[in-house]
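Below you'll find the structure, written out as structure tokens, and then a few comments.
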2 protein chains.
Amino acid sequence: MAEALTGEAILVATEEVLRRYGPAKATVVDVAKALGVSHGSVYRHFPTKAALREAVTRRWLDAIHVEMESVLDPDATAGDNLRAWLQHLFDRKRLSHSDEPELFATYKVLVSESSIIPDYHLGHLVGQIARIVQAGVDTREFVTDDVQTTAQAVWDATQVFHHPAHAQEWGNPHIQDAFDAVVSLVVDGLRYNRIPSATGDA
Amino acid sequence: MAEALTGEAILVATEEVLRRYGPAKATVVDVAKALGVSHGSVYRHFPTKAALREAVTRRWLDAIHVEMESVLDPDATAGDNLRAWLQHLFDRKRLSHSDEPELFATYKVLVSESSIIPDYHLGHLVGQIARIVQAGVDTREFVTDDVQTTAQAVWDATQVFHHPAHAQEWGNPHIQDAFDAVVSLVVDGLRYNRIPSATGDA
DNA sequence: GGGCTGACAGATATTGAAATCTGTCATCCC
DNA sequence: GGGATGACAGATTTCAATATCTGTCAGCCC
């Protein structure tokens, strides 16, 4: 007999169908056709079309989460780590938007379709920022009385450079300067009342 | 004879029609009907429907610009002025969004329709921020080597609290906390290397 | 004379019938 | 038995015919 139909195979096929037809045109029937099965079989593995799309989105976001983890350098200062982390996220989104605009638009739609996916994604990334901020507080490089709130503030302050609603601004030739200015402002804010070269308290 | 048809009267009628029918349904014929004239007469005062809408939008934005000017207090510190200015802009947008969601959506569409209006609006508001930052630099409360870039960075860092794409987040019960955290981070960044109570250089 | 009108052409939007899609389930086949 | 199938009902989308709108302009009327 042929290969057993797995959830994994369905996800791969769904990704391909989404990539080819876009989020508006991709149907469950298309996915089944690509797999050479009836669409009823797809519904044995995923309860609804929305659940199927959500699973594809989660896979994609998880890959980003893993990639972002790898940016952190345990030997670097918290300021450098934060800057590199934000730069990497920005570069990734910007390249994706400029090189594969249709795929970028597809995932933008997929993420906005779900009510839980954005919280999942944001929670994870803000958690990574919180770890960087906490490391900075531990080495007395940063000052804050609430790491979680501060991490969220860092995320909020840099929205222009990762929220897809601002993607059209990423083509601006001076966007890197704007990024540097915001990140410098934010990192300086975290270092409030500290001389960069000093390690002691004020 | 009846009152002469003025550009001003047309703008008022257009605002009313936009408010009643929304941006998708409001037509030049509707405006002419509201004024009791033929739509050909409207075209004597505005060359295109787009120009008419743009004039309405500009009037609305100019009112915001004037209102924001009035928030500045020449006797307050730059930090307090910046915080109050950002808070006022945020409150205004948030109230507009929650109290008159349809009108808010209408103006969101109008602004995004034009290619020059967003630049006009942003340029003006960032200019006001630049004046606050410059005042802070003059009193040695703030430190920056490029007021214009820094003002733009302040604007960019607070996009979540004024860009309409983020309006849905404004209903979050903790949004004021998030606002305070970002503004504190930004103001602290502007004060980098300074003790709040000190006035001298480092 | 100078602003206003209303008929007009091309562009855009609306509508409703037809086609397709989603999700279910009785049935089939290995 | 357990997974796959395909016909089906209701919901959604497509498409083409129809209606409306935009922008122009020759002529009208105060």
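Quick caveat, the model's predicted, so the values are computed rather than measured.
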Check: Out of B:Phe161, B:Tyr107, B:Phe104, which one pairs with B:His97 under the ring-ring contact (aromatic ring centres under 6.0 Å, His included) rule?
Finding: B:Phe104
Note to self: I'd like to check the side chain to side chain contact (heavy atoms under 4.5 Å, CB included) partners of B:Ala50; sequence neighbours left out, ordered by chain and number.
What the structure shows: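 Result, side chain to side chain contact (heavy atoms under 4.5 Å, CB included) vs B:Ala50: B:Thr48.
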Note to self: Show me the pairs that pass salt bridge (Lys or Arg N to Asp or Glu O under 4.0 Å) and involve residues 119-134 of chain B, at least two apart or across chains.
What the structure shows: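 Qualifying pairs, neighbours excluded: B:Glu69-B:Arg131.
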Notebook entry, point to check: Is there any salt bridge (Lys or Arg N to Asp or Glu O under 4.0 Å) pair reaching into residues 102-115 of chain A, and which pairs are they, with sequence neighbours excluded?
Noted result: A:Arg53-A:Glu113
Next item on the list: Starting from P on C:dG3, measure out to CD1 on B:Ile10 and report it in whole angstrom.
Entry: 13 Å
Checklist line | Close approaches to DNA chain D from residues 104-114 of chain B, in residue order (heavy atom, under 4.0 Å) | finding: none
Partners meeting salt bridge (Lys or Arg N to Asp or Glu O under 4.0 Å) with [X] (sequence neighbours left out):
X: B:Glu54; answer: none
X: A:Arg92; answer: A:Glu67
X: B:Glu100; answer: B:Arg19

Check nucleotides 19-27 of chain D against the protein and report each pair of N or O atoms closer than 3.5 Å, with its distance, or say if there are none.
residue: D:dT22; atom: OP1; partner: B:Val28; partner atom: N; Å: 3.1
residue: D:dT22; atom: OP1; partner: B:Lys49; partner atom: NZ; Å: 3.0
residue: D:dT22; atom: OP2; partner: B:Val28; partner atom: N; Å: 3.1
residue: D:dT22; atom: OP2; partner: B:Val29; partner atom: N; Å: 3.4
residue: D:dG23; atom: OP2; partner: B:Tyr43; partner atom: OH; Å: 2.8
residue: D:dG23; atom: OP2; partner: B:Lys49; partner atom: N; Å: 2.7
residue: D:dG23; atom: N7; partner: B:His39; partner atom: NE2; Å: 3.2
residue: D:dG23; atom: O6; partner: B:His39; partner atom: NE2; Å: 3.0

Notebook entry, point to check: Is the distance from OP1 or OP2 of D:dA4 to the nearest side-chain N or O of A:Ser38 less than 4.0 Å?
Noted result: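 For A:Ser38, the contact criterion (side-chain N or O under 4.0 Å from OP1 or OP2 of D:dA4) is not met.
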Side-chain atoms of residues 33-41 of chain B: list all donor-acceptor pairs with protein atoms under 3.5 Å, sequence neighbours left out, distances to 0.1 Å.
residue: B:Ser38; atom: OG; partner: B:Gly40; partner atom: N; Å: 3.4

Next item on the list: Hey, which sits more toward the 5' end of DNA chain D by its nearest nucleotide, A:Gly36 or A:Ala24?
Entry: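 On the 5' side of the pair lies A:Gly36.
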